[in-house]
Number of protein chains: 2
Amino acid sequence: MKKDTEVNLMHGAGGEVMGELLQTLTAFKNNNAGGIGLESLDDGSTFTVGGKTVILTTDSHVVKPIFFPGGDIGRVAVSGTVNDLSVMGARPIALTCAMIIEEGFPIADLEKIVASMDETLGEVGASIITGDTKVVEKGSLDGIVVNTAGVGVIEEGGFLIRDRNLAVGDKIIVSGTLGDHGLAIVSYREGFDLGDQLKSDVAPLWKMIEAAMKAAGNGNIHAMKDPTRGGFAACINEMARKAGVKVVVREDTVPIRESVASAGSLLGIDPLQVANEGKCVMGVAPEAAERVLAALKSHPYGKNAAVIGEVVEGSGVVMQTRIGGERFIEPPLGDPVPRVC
Amino acid sequence: MKKDTEVNLMHGAGGEVMGELLQTLTAFKNNNAGGIGLESLDDGSTFTVGGKTVILTTDSHVVKPIFFPGGDIGRVAVSGTVNDLSVMGARPIALTCAMIIEEGFPIADLEKIVASMDETLGEVGASIITGDTKVVEKGSLDGIVVNTAGVGVIEEGGFLIRDRNLAVGDKIIVSGTLGDHGLAIVSYREGFDLGDQLKSDVAPLWKMIEAAMKAAGNGNIHAMKDPTRGGFAACINEMARKAGVKVVVREDTVPIRESVASAGSLLGIDPLQVANEGKCVMGVAPEAAERVLAALKSHPYGKNAAVIGEVVEGSGVVMQTRIGGERFIEPPLGDPVPRVC
Ligand SMILES: Nc1ncnc2c1ncn2[C@@H]1O[C@H](COP(=O)(O)OP(=O)(O)OP(=O)(O)O)[C@@H](O)[C@H]1O
Ligand SMILES: Nc1ncnc2c1ncn2[C@@H]1O[C@H](COP(=O)(O)OP(=O)(O)OP(=O)(O)O)[C@@H](O)[C@H]1O
Ligand SMILES: [Mg+2]
Ligand SMILES: [Mg+2]
Ligand SMILES: [Mg+2]
Ligand SMILES: [Mg+2]
Ligand SMILES: [Mg+2]
Ligand SMILES: [Mg+2]
């Protein structure tokens with residue numbers, strides 16, 4: 001295959017094609033500060049300060065529109081960074097907020113975005129302590145983009161969680177319904193009137209994950225990741241590939257809202273391939289699975305949590321379908337919804 | 001005066017007008033993680049991990065064009081974040097790299113940007129350990145923007161430096177010639193052929209600042225800041241205002257390249273009001289000033305360092321001119337050069 005010479009939309013879609021571009025973008029020699037570095041391509045990276053493990057992560061947000069059912073760009077920005085820290089087992093401490101704003105942008109909208117970010121921070125006890133603002137000429141940016149970076153720490157009694165440590169026998173748990181964010185965004189953009197039914201799930205997960213970690217006990221959540229761009233399909237394939245294992249999922253246990261499923265079939269979009277912004281996927285030691293599930297379910301953001309499969313020897317991700325067949329859940333080339341986060 | 005309802009270019013120009021917008025953008029209740037927080041509006045903010053002071057900062061970069069005499073957007077991005085950490089006295093440890101890329105952007109240019117970032121990191125021993133990539137549709141962004149956030153630590157034997165602690169009697173030292181970056185960018189954009197004379201000063205300053213701190217001895221650099229957007233004029237006015245002191249500058253000691261001065265008068269732009277990307281401004285205890293100056297001068301990025309004034313009681317910044325007069329160096333409304341960094 002000819003190598004691309006220009007960036008295209010699939011390069012930003014969180015799937016296999018993006019992986020190719022990342023080879024170029026992560027070609028740093030200076031890529032590690034003495035912990036987990038860029039080479040791991042995990043949700044965040046680590047280094048050590050005063051004997052403690054510190055986690056660092058970042059995401060930019062270009063979601064369109066900036067206000068949508070269930071959330072806004074500010075809530076997505078804070079949640080995205082909080083969640084990348086949380087799925088590594090880190091308590092989110094301090095975030096940055098960097099905004100690039102198009103000339104002419106309404107200041108009233110900035111006020112709404114800041115208020116939404118602040119509310120989201122308040123849910124998990126994190127703070128925005130520094131930021132940056134650039135303004136560009138009308139026409140050279142589509143409204144606003146928001147970048148957040150975040151720092152978290154592994155606490156006494158907590159434990160670092162990678163995305164690569166699934167072990168044979170692990171139960172696969174998802175913290176709730178899949179596909180909500182991606183299908184809410186695309187349906188809203190397409191102008192479908194689905195009443196209050198299709199809403200983004202965007203939410204900051206630290207408190208829920210903290211409870212799950214406590215219930216699990218030290219080290220019993222073996223692997224965790226947030227299924228953002230590329231959805232559950234990209235996420236679980238990456239986890240299986242990195243661990244060198246096979247994952248078997250039972251279709252009848254996968255939580256998907258009826259409204260999301262309907263919108264998905266209407267639009268020809270698989271809910272498993274679009275972004276979630278308030279969910280996590282875990283591989284849990286079998287003896288801890290019931291405790292973790294109960295802890296998740298007792299938190300509002302985890303009430304639809306479910307055990308949906310398990311880890312076996314082999315490779316790839318297989319779905320046992322409702323009608324008794326089997327099919328691969330393929331790693332998608334990319335998320336079918338652009339500008340989703 | 002009527003409050004603006006829309007963002008304009010001056011809101012991003014690093015001067016007085018930007019200060020008004022920052023009131024909206026920093027209106028977070030969750031604004032402090034137990035150290036220096038957003039309320040200080042310093043170059044970065046702090047929190048504590050394992051008994052150590054950790055500094056966090058961020059900057060987005062929208063410089064136009066992305067390749068220019070003396071540097072490129074990658075070198076600006078790494079240097080900007082390294083310098084905001086360094087002027088607080090922190091050794092830069094780990095950076096993030098978040099790129100937003102317009103569909104159609106040449107991958108060869110990405111390779112150049114990554115290589116330039118890597119080289120800049122190598123100069124100071126910092127690493128990019130995590131990142132993010134978003135791609136947006138052609139026409140919705142002007143090429144590429146790069147955000148970097150960075151984490152640094154105050155080392156054994158080092159000391160935290162604020163921008164607000166100028167003290168009466170301090171010597172004001174600048175680490176080299178002023179106005180180079182802003183005038184290089186604007187001259188290049190205007191198509192002036194000034195040969196090799198006008199080059200950006202963009203550079204990562206940690207090693208130079210580390211040497212200056214060692215020469216100074218604990219705490220003897222009272223205040224430091226990097227004179228980026230808004231230039232030296234914005235920087236020194238902010239430092240004087242925050243400390244409640246007056247600064248007196250002697251014009252004949254201020255290092256400005258002849259080519260920069262000429263370009264400035266040709267374009268009607270004051271070199272003291274445009275961005276520098278490889279300079280710092282310090283207030284140093286008088287007994288340490290000669291040692292600090294010598295340390296700066298012994299580093300390639302500090303060879304034109306100079307003592308240019310001192311701190312006295314009062315308020316404002318005054319320039320004693322070559323012809324024996326006095327005039328205020330006013331805090332500029334904003335940097336006259338848009339998209340400078
Ligand atoms: N421009 C970049 N420079 C350096 N590293 C990058 C860059 N873009 C992505 N990465 C790295 O590639 C990996 C995948 O990035 P990605 O953004 O897909 O992860 P994520 O944040 O977990 O997902 P999402 O952005 O969809 O929320 C991460 O380890 C990230 O640090
Ligand atoms: N969008 C924002 N949200 C939160 N804080 C912000 C935001 N923009 C700027 N700030 C804060 O305002 C202060 C001034 O920011 P500014 O970007 O001018 O500083 P700087 O990085 O030192 O300068 P430059 O960006 O020109 O290099 C800093 O303390 C910064 O943390
Ligand atoms: Mg992630
Ligand atoms: Mg993410
Ligand atoms: Mg800044
Ligand atoms: Mg600064
Ligand atoms: Mg800066
Ligand atoms: Mg990301």
Side-chain angles (χ1 to χ4, degrees), chain A residues 4-9 11-12 21 24-25 27-33 37-38 44-45 47 49-52 54 56-60 62 93-94 96 98 100-101 103-107 110-111 114 118 121-122 127-136 140-142 145 147 149 151 153 339, chain B residues 4-9 11-12 21 24-25 27-33 37-38 44-45 47 49-52 54 56-60 62 93-94 96 98 100-101 103-107 110-111 114 118 121-122 127-136 140-142 145 147 149 151 153 339:
Chain A
D4 288 317
T5 58
E6 287 186 357
V7 174
N8 64 58
L9 286 177
H11 281 128
L21 183 66
T24 300
L25 294 180
F28 288 94
K29 284 187 227 83
N30 300 286
N31 68 351
N32 191 302
L38 203 49
S45 288
F47 55 97
V49 176
K52 298 235 175 201
V54 177
L56 178 65
T57 193
T58 190
D59 268 328
S60 296
V62 299
I93 302 288
T96 65
I100 307 178
I101 310 171
E103 188 184 5
F105 192 84
I107 289 179
L110 290 178
E111 284 166 359
V114 168
D118 206 14
L121 291 164
S127 292
I128 288 196
I129 63 172
T130 189
D132 181 64
T133 305
K134 297 288 183 291
V135 178
V136 294
S140 59
L141 176 73
D142 189 4
V145 300
N147 174 281
V151 179
V153 293
R339 299 285 293 271
Chain B
D4 288 319
T5 59
E6 288 185 356
V7 174
N8 63 58
L9 286 176
H11 281 126
L21 183 66
T24 299
L25 294 180
F28 289 93
K29 283 188 228 83
N30 300 286
N31 67 350
N32 191 303
L38 202 49
S45 288
F47 55 98
V49 176
K52 298 236 177 200
V54 177
L56 179 65
T57 193
T58 189
D59 268 328
S60 297
V62 298
I93 303 288
T96 65
I100 308 178
I101 309 170
E103 188 184 5
F105 193 85
I107 288 178
L110 290 178
E111 284 165 0
V114 167
D118 207 14
L121 290 164
S127 293
I128 286 195
I129 63 171
T130 189
D132 182 64
T133 305
K134 297 287 183 291
V135 179
V136 296
S140 60
L141 175 74
D142 187 4
V145 300
N147 175 282
V151 179
V153 293
R339 300 283 293 270

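Chain A is the first sequence line, chain B the second, and so forth, proteins listed ahead of strands; every chain is numbered from 1.
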Pick one of side chain, backbone, both or neither for [X], based on which atoms fall under 4.5 Å of a heavy atom in chain B.
{"X": "A:Val145", "result": "side chain"}
{"X": "A:Asn147", "result": "side chain"}
{"X": "A:Leu25", "result": "both"}
{"X": "A:Val136", "result": "both"}

Option in [options] with maximal non-hydrogen atom pairs under 4.5 Å from chain A:
{"options": "B:Glu103, B:His11, B:Lys52", "result": "B:Glu103"}
{"options": "B:Asn8, B:Val62, B:Leu9, B:Val49", "result": "B:Leu9"}
{"options": "B:Ala94, B:Ser45, B:Gly50, B:Gly12", "result": "B:Ser45"}

Interatomic distance, [X] atom [atom1] to [Y] atom [atom2] [nearest 0.5 angstrom]:
{"X": "A:Leu56", "Y": "B:Thr130", "atom1": "CG", "atom2": "OG1", "value": "6.5 Å"}
{"X": "B:Asp142", "Y": "A:Ser140", "atom1": "CG", "atom2": "OG", "value": "5.0 Å"}
{"X": "B:Ile101", "Y": "A:Glu6", "atom1": "CD1", "atom2": "CD", "value": "12.5 Å"}
{"X": "A:Lys134", "Y": "B:Asp59", "atom1": "NZ", "atom2": "CG", "value": "4.5 Å"}
{"X": "B:Phe105", "Y": "A:Leu21", "atom1": "CZ", "atom2": "CG", "value": "11.0 Å"}
{"X": "B:Thr58", "Y": "A:Ile128", "atom1": "OG1", "atom2": "CD1", "value": "10.5 Å"}

Check: Step by step, would you call A:Thr96 with B:Thr57 a side chain to side chain contact (heavy atoms under 4.5 Å, CB included)?
Finding: CA-CA 7 Å; A:Thr96 65; B:Thr57 193; over 6 Å; no
Checklist line | Greatest number of heavy atom pairs closer than 4.5 Å to chain B - which of A:Gly37, A:Ser60, A:Ala98, A:Gly51 | finding: A:Ser60
Margin query: Can you list everything that forms a side chain to side chain contact (heavy atoms under 4.5 Å, CB included) with B:Glu111? Sequence neighbours excluded, please.
Written below: A:Lys3, A:Thr24, B:Ile107
